Each structure stands twice: as structure tokens, then as C-alpha cells.
There are 2 protein chains.
Amino acid sequence: MTRHATPLPAGHPCLACDVRTIAVCGVLDCGDLARMRTLGRTMRLKAGQPIFHEGDQATRVFTVTSGTLKLYKLLADGRRQITGFMFPGDFMGISVDDEHAFTVEALDDAILCSFPRNRFDEFAGEHPQLERELYRLATHELAAAQRQMVLLGRKTAVERLASFFITLLDRTGKMVEDGREYIDLPMSRSDVADYLGLTKETVSRVLALLKDQRLIRLDTLNRIEILDGGRLVDMAEGVTD
Amino acid sequence: MTRHATPLPAGHPCLACDVRTIAVCGVLDCGDLARMRTLGRTMRLKAGQPIFHEGDQATRVFTVTSGTLKLYKLLADGRRQITGFMFPGDFMGISVDDEHAFTVEALDDAILCSFPRNRFDEFAGEHPQLERELYRLATHELAAAQRQMVLLGRKTAVERLASFFITLLDRTGKMVEDGREYIDLPMSRSDVADYLGLTKETVSRVLALLKDQRLIRLDTLNRIEILDGGRLVDMAEGVTD
DNA sequence: CGTTCGATTGAGCTTTCTCAAGCACAGTGG
DNA sequence: CCACTGTGCTTGAGAAAGCTCAATCGAACG
């Protein structure tokens, strides 16, 4: 569940699909990539389909080729916290005591590459540079998790939405058309709410508010134009000004 | 900022103090430990003293020998989120792009062992089993961070306090005296609040509530007796029953 | 063209926060 | 030895942010 610094070019096929995946690109040479390729296989997921559930045995690791996934944990009564989203190029290999710590589900149709965990670990053991890269990815994940703790523990609803947009801009890369910046929201309002520790109603209301203040524009339900990124950054950090 | 599975025996001296530290004990042999020892030096901290601040250059890594530390991030207007506490045996070496992602401050008088980051990394590079252990620790940290996201995003004040006590029981090990279980709270009510995404007043009120329900007893302000651990575990997970 | 499902909007409510006052204990000085 | 003072903790009352429940809207699809 870690992500490479550079985004995967749209449509960039994954390692198992006979090309290199972002998570290892740059740290393995051609021969090693070829060897690793033989370990993987392609998985195609329909929207809404889960890959594994919290508590399942972690027998495989994955990289995302295309599509978006959500990671979440549930409480006994069904309350849900989405702990992250996965985009193309992301790596999902982290587990504790061989058990998955969360459920992963596809938001839209997605393609993954999957490797048997033991063979992947073995392969990593033989490639220190890959192992170091995995560690680096884990530390970046951890830093992101800490920022999310600040968001969930201390930010207002408006600040949470602003932070969310800024993070998406950074992560999925700006989409610019005719000089306008857009972000795609492949997830539902409920998903956004469960990621930000809010209700879907509050998400809707805050969107309306940001729209009224001309900071964003709802191009379509799932496509948002960023009208004032600078102001959003300030908001995200709690700068009242 | 990761923690070994087994707790450090009280008073167990650290690597730099001529003995082994928890973070590496079990993965290094005597000769390697001796070499690592030569890299470290001991640091003594007074209560309230910071080790480094968010954004500082990360030139050293640390292990905790004795005492307790808090890790936190601030928003522009001073709102604070404590992202974790460090106890004896814990390792603080994770940073992103050589910058510390949070501030670390001693809660009480503490002793640390500190290593120059570059020498430590170099040493780790020569000891794959140490590198693997650091990765394992990071993944455990990440799982803990995700549990904290559930707490901050979806749990009620009562559930947060119950979760906090259960986590402390697991982490610092049960202290049993005369067949009674205790936990120490080396941090202030404000610190607890900033860790759980609440205010100090709410923390006080919830403590009073749990006390009234005979789930805990305040032995002293900073020492809590667990009267009904089972019930607390249920509460922590949102089991209403 | 009707149905469905997610998104939006509204009204009232609950939990937690804020602000303020009172309390308890440790340290200090008379 | 005891009053004094400071600091952190607790308790109370009112306010506010966000939640719940319910109604309405609107785009997608058969």
C-alpha cells in the first residue's frame, strides 16, 4: 500500500503485463525486471469487487495497473473508516503477521498485477535495492498516515475537504484542460465521507459551500475544477487569514 | 518511530550504553552489536525538552532507553495532533526526504541513544537482517496508524479512551500488583486529548464516566487501575451489547 | 417515460467544544 | 508548620459543529 514518487503515465501497463511497474521501475535492471515478470499475473476487477478482506491471510502482494481501489476498516456496528485510496502505480504488499490489516475493494473497473507473497519476498531478499525501495515507500506511507491523523483529529469539515483536494492534486497529478485544473473523484460521496471522518451529508454541504465561495466548480458530479488552488492550500492548513 | 514486538525490560540499558537495544536485539550477533555500539552516544533529556522539530534536518536516528516521548504535528493556529508516544525500546529513525515529519518532546526525564543517520544507514545496508527488521517495524507502525485513523475518524469519546487504555496495556505491558492491573499515564490530560482528537475537558469527563461505571479507578492522577478489561475491550471496538 | 440510486437540501438534535469557575496537590516562603 | 501560589484537573453551563432522519432532486438506464 505504498506509492511511488512519480505517477504512472496513464495506461502504463504493469510488470506482470510484460512491462515494468512503478513500484520497482528505476530500482531494478532489465534482467531483474524480466525475472520478476515471470512471478506475476494479471487480475481484472469489476467495480465494487473486493480483492481481500481485513483478517484474510496475506498470500499475495499487488500493484495497481489501472483503476482505483479503496482500503477500509470496519467497527463492530458497521461504522467504516477508509484508510486510503490506491491509484495506478501503487503497491499493496504491506501486511502484519501475514494478515491483511484492511479490506480492499475496487471503486471502478481495475487491473492489478499480483505476485505470490513468498516468491515476492524471496525475490526482494535477493535485490537489496528493491528492499530499500519498499522501505522508503513504507516510510512515505507512514508520513501520509500521520498527516491524515492531523486531519481526522483536528481539522474542521471545510479544512478536511480542502486537504483532500490538495492531496489528490499532488497524488494523481494535475489534469489541465484549456488551462483549467481538474480532479477526478472516482469514489462516491459516502466514500469521501468515510475517508474524512464525516457523513455524506456534510460532504455535500461543504462542497456547496466551497462552490459558493468560488474555490471549486462541480464540472460533473465526479469531476471538480479547482478555481483557487492557493486559497485551498491555505484552508487545508488551517490558515484563516 | 517503530517498536519491537517484545517490551524492553525495565532498566534495560541501550546499545550506546554498552548493551543491546530492543530494536536490533535478536537480529544482530555479538560482533555486529559491538560495532554498532561504537556508532552511538547517549543523550539525557529533561521533562518537556524537545529532541527535534517538524521540518528539522534528520541527521540522527534514536532509540529510547528510558522515559517517554510524545510525537506531534501542529497546524498554523496551534492546534496540535499527537501522532504517537514512544516508550523504552522504541526506535525513531523514520523520516521522509531527510526531514523530520513531526516534533518529538520528552514527557519525563528520558535517556536516548543517538546514531548519526548516514552511519546508521550505512551499517544497516551492510546488515540485511537489520534492514528487514526496520521494514517489519515500519509495517507495524503503519498498521497502528490505520487503527488510529479508525479511532479518530469514527469512534466516540468513550470508545477512544477505552481504546487508548487497551493499547497502552498491550504496549507497555500489564503492571500487576496484588492481582490488580494498572497503567501509567506519563502524559497530561491535554496530551491524551491531543492524541485522541478531543479536548482535555472531554477526557476528564469521560474518565469520570468510566470511573462511575466501575471500569477503571484513578489510583493517582497518572495511574489508572483497570477494573474490567474485558468490558473495556468491547467498548474500544464499539460493541454496544 | 418511469424507475432507481446517489446526491442534495432542510430541520431538529446530539455530542463535543468553549469558556469560566472551582478544586487539589505540590512547591515555596514566611 | 502552615498559609500562599501556581499549575493542572475537574465540573458546569451554554454554544456550535456536525449528525440523523426525512424529503426532494436529478442524472442514468431500461
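Because the structure is a prediction, the values reported are computed rather than measured. So that the names make sense, note that chain A is the first sequence line, chain B the second, and so on, each numbered from 1.
Put simply, CG on L161(A) is 16 Å from P on dA17(D), counting in whole angstrom units. When the C1' atom of dT9(C) is taken as reference, atom NZ of K211(A) falls 11 Å away, rounded to whole Å. When the C1' atom of dG6(C) is taken as reference, atom CG of D108(A) falls 16 Å away, rounded to whole Å. In this structure, L207(B) places its CG atom 14 Å from P of dT16(C), rounding to the nearest Å. Rounded to an integer number of Å, the gap from CD1 of I224(B) to P of dC9(D) is 12 Å. In this structure, the CZ atom of R79(B) is 13 Å from the P atom of dC17(C), given to the nearest Å. Between the P atom of dT11(D) and the CG atom of D212(B) lies a distance of 9 Å, rounded to the nearest Å. Rounded to whole angstrom, the span from the CG atom of L218(B) across to the C1' atom of dT10(D) amounts to 11 Å.
Panel note: side chain Q49(B), backbone L107(B); no donor-acceptor pair is recorded below 3.5 Å. Here the side chain of E159(B) pairs a donor or acceptor atom with the backbone of T156(B) at under 3.5 angstrom.
Under the side chain to side chain contact (heavy atoms under 4.5 Å, CB included) criterion, R60(A) pairs with R41(A), F62(A), S114(A), P116(A), not counting sequence neighbours.
Note on T156(B): only backbone sugar-phosphate atoms sit closer than 4.0 angstrom, heavy atoms only; bases stay farther off.
Nucleotides of DNA chain C nearest to R154(A) and S190(A) differ in position, and the one nearer the 5' end is that of S190(A). Where V158(A) and L221(A) meet DNA chain D, the nucleotide closest to each residue was compared, and V158(A) sits on the side nearer the 5' end.
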Original post:
Stepwise, does the salt bridge (charged side-chain N to carboxylate O under 4.0 Å, His left out) test hold for R171(A) with D90(A)?
Top reply: CA-CA 11 Å; R171(A) 260 195 86 171; D90(A) 286 349; 2.4 Å; yes
Subject >> Worked check of side chain to side chain donor-acceptor pair (under 3.5 Å) between Q81(A) and Y72(A) >> reply: CA-CA 6 Å; Q81(A) 178 66 41; Y72(A) 63 84; over 6 Å; no
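Residues M92(B) and L69(B) meet the side-chain proximity criterion, which asks for heavy atoms closer than 4.5 Å.
Looking at R189(B) and D194(B), no side-chain N of the basic residue comes within less than 4.0 Å of a carboxylate O on the acidic one, giving no salt bridge.
Side-chain contact annotation: K73(B) with T103(B), donor-acceptor N/O pair under 3.5 Å absent.
Counting non-hydrogen atoms of neighbouring residues, nucleotides and ligands closer than 6.0 angstrom, the CZ atom of R44(B) reaches no more than 12 such neighbours.
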Can you tabulate the close N/O pairs, meaning under 3.5 Å, that link protein atoms to atoms of nucleotides 13-15 of chain D?
none

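Contacts with DNA chain C (heavy atom under 4.0 Å) in residues 195-203 of chain B: G197(B), L198(B), T199(B), E201(B), T202(B), listed by number.
Set against dG18(D), dC9(D), dT9(C), the side chain of A157(A) has dG18(D) as its closest nucleotide.
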